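A quick write-up on the structure given underneath.
Here the structure is a predicted model, which means the values were calculated and not measured. Heavy atoms only: backbone and side chains are in, while hydrogens, waters and symmetry mates are out.
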Amino acid sequence: MIRHCVVFTLQLPGSAEEQQAHLEKIKSLLENLPEQILELESMEVFFNCNPSEESTFMLQADVEDLEALSAYATHPDHVQIVNDLIKPYKVGRTCIDYKLHDHYPH
């Protein structure tokens, strides 16, 4: 199992309420992707609550392997969300993909 974590920094226009509505739309659409993309085991989106940090939100997705990650990344439903709601406002992105292991006793 691979965990895919991405932290985005966005510069959104509009009022605080408009910005929050935009983020809620991103969250809703991303978290519904496991119903549309078979390779995607799970997806969670978290908003940054610390105003002294620049990052806007993080997504955490689980997939079986790197092939499944590629299938998710290039899936048209995912690409549309990125192109419509994230890419136009993106000023930063950091990603890490790591293998989830069973817990081993020390």
Side-chain angles (χ1 to χ4, degrees):
M1 185 75 64
I2 302 287
R3 178 153 292 161
H4 174 67
C5 298
V6 186
V7 176
F8 289 97
T9 302
L10 304 182
Q11 206 163 41
L12 296 171
S15 67
E17 293 81 16
E18 291 168 326
Q19 292 173 9
Q20 188 63 37
H22 188 97
L23 292 173
E24 293 290 346
K25 185 174 182 179
I26 291 171
K27 178 179 174 67
S28 174
L29 291 172
L30 287 175
E31 289 184 345
N32 283 324
L33 284 179
E35 298 171 13
Q36 302 160 27
I37 303 173
L38 296 176
E39 294 84 0
L40 191 55
E41 303 274 337
S42 68
M43 170 76 75
E44 290 183 279
V45 173
F46 306 94
F47 301 139
N48 183 14
C49 67
N50 185 345
S52 66
E53 295 293 337
E54 291 182 5
S55 300
T56 307
F57 76 95
M58 182 190 97
L59 71 81
Q60 175 179 294
D62 291 337
V63 294
E64 187 60 37
D65 53 30
L66 291 175
E67 290 175 359
L69 181 61
S70 179
Y72 146 71
T74 58
H75 191 282
D77 291 337
H78 172 251
V79 170
Q80 183 175 3
I81 295 166
V82 171
N83 287 341
D84 292 351
L85 299 175
I86 298 172
K87 200 174 204 177
Y89 311 102
K90 182 181 77 173
V91 294
R93 177 187 182 274
T94 301
C95 176
I96 186 169
D97 299 314
Y98 62 92
K99 292 182 180 180
L100 292 174
H101 297 287
D102 292 333
H103 177 71
Y104 296 103
H106 297 268

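- With rounding to the nearest 0.5 angstrom, the NE2 atom of H75 is 4.5 Å from the CD1 atom of I37.
- In Q11, the CD atom is not crowded: 12 or fewer heavy atoms of neighbouring residues, nucleotides or ligands sit closer than 6.0 Å.
- Going from atom CG of L29 over to atom CD1 of I81 covers 4.5 Å, rounded to the nearest 0.5 Å.
- Each ring-ring contact (aromatic ring centres under 6.0 Å, His included) pair with one or both residues in residues 20-50, not counting sequence neighbours, appears once here: H22-Y89.
- Taking OG from S42 and CG from D62, the interatomic distance works out to 3.5 Å, rounded to the nearest 0.5 Å.
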Donor-acceptor pairs under 3.5 Å, side chain of residues 64-73 to any protein atom, not counting sequence neighbours: which ones?
unit_1, atom_1, unit_2, atom_2, d
D65, OD1, E67, N, 3.2
D65, OD1, A68, N, 2.8
Y72, OH, H78, NE2, 3.1

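- With rounding to the nearest 0.5 angstrom, the CZ atom of F57 is 7.0 Å from the CG atom of L23.
- Here the side chain of Q19 pairs a donor or acceptor atom with the backbone of L12 at under 3.5 angstrom.
- With contacts defined as side-chain heavy-atom distances shorter than 4.5 Å, the pair L100/I2 does not qualify.
- Looking at heavy atoms from C-beta onward, K99 lies out of side-chain contact with M1 at the 4.5 angstrom threshold.
- Listed for the E18 side chain is a donor-acceptor partner under 3.5 Å among the backbone atoms of S15.
- For the atom pair CD1 (I86) and CG (L59), the distance works out to 7.0 Å, reported to the nearest 0.5 Å.
- Atom CG of residue D77 and atom CD of residue E35 lie 11.5 Å apart, to the nearest 0.5 angstrom.
- The minimum heavy-atom distance linking P34 with L30 is given by the pair CD-O, 3.8 Å.
- In terms of heavy atoms, L40 sits closest to A61 at CD1-CB, 3.7 Å.
- Two residues are said to be in side-chain contact when any heavy atoms from C-beta on lie closer than 4.5 Å; E54 and N48 fail this criterion.
- The two residues K27 and V45 have their closest heavy-atom pair at NZ-O, 2.8 Å.
- Side-chain contact check for R93 versus V7: every heavy-atom pair is 4.5 Å or farther apart.
- V63 is not connected to M58 by any chain of hydrophobic side-chain contacts under 4.5 Å among Ile, Leu, Val, Met, Phe, Trp and Tyr, and they are in different clusters.
- A 4.5 Å side-chain heavy-atom check between C95 and H4 finds at least one atom pair inside the cut-off.
- Residue L38 is found outside any hydrophobic cluster, as its side-chain heavy atoms come under 4.5 Å of no other Ile, Leu, Val, Met, Phe, Trp or Tyr.
- Around CD of Q60, the count of heavy atoms belonging to other residues, nucleotides or ligands within 6.0 Å exceeds 12.
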**Request:** Would you please test K90 and L10 for side-chain contact (heavy atoms from CB on, under 4.5 Å) and show each step?
**Result:** CA-CA 5 Å; K90 182 181 77 173; L10 304 182; 4.2 Å; yes

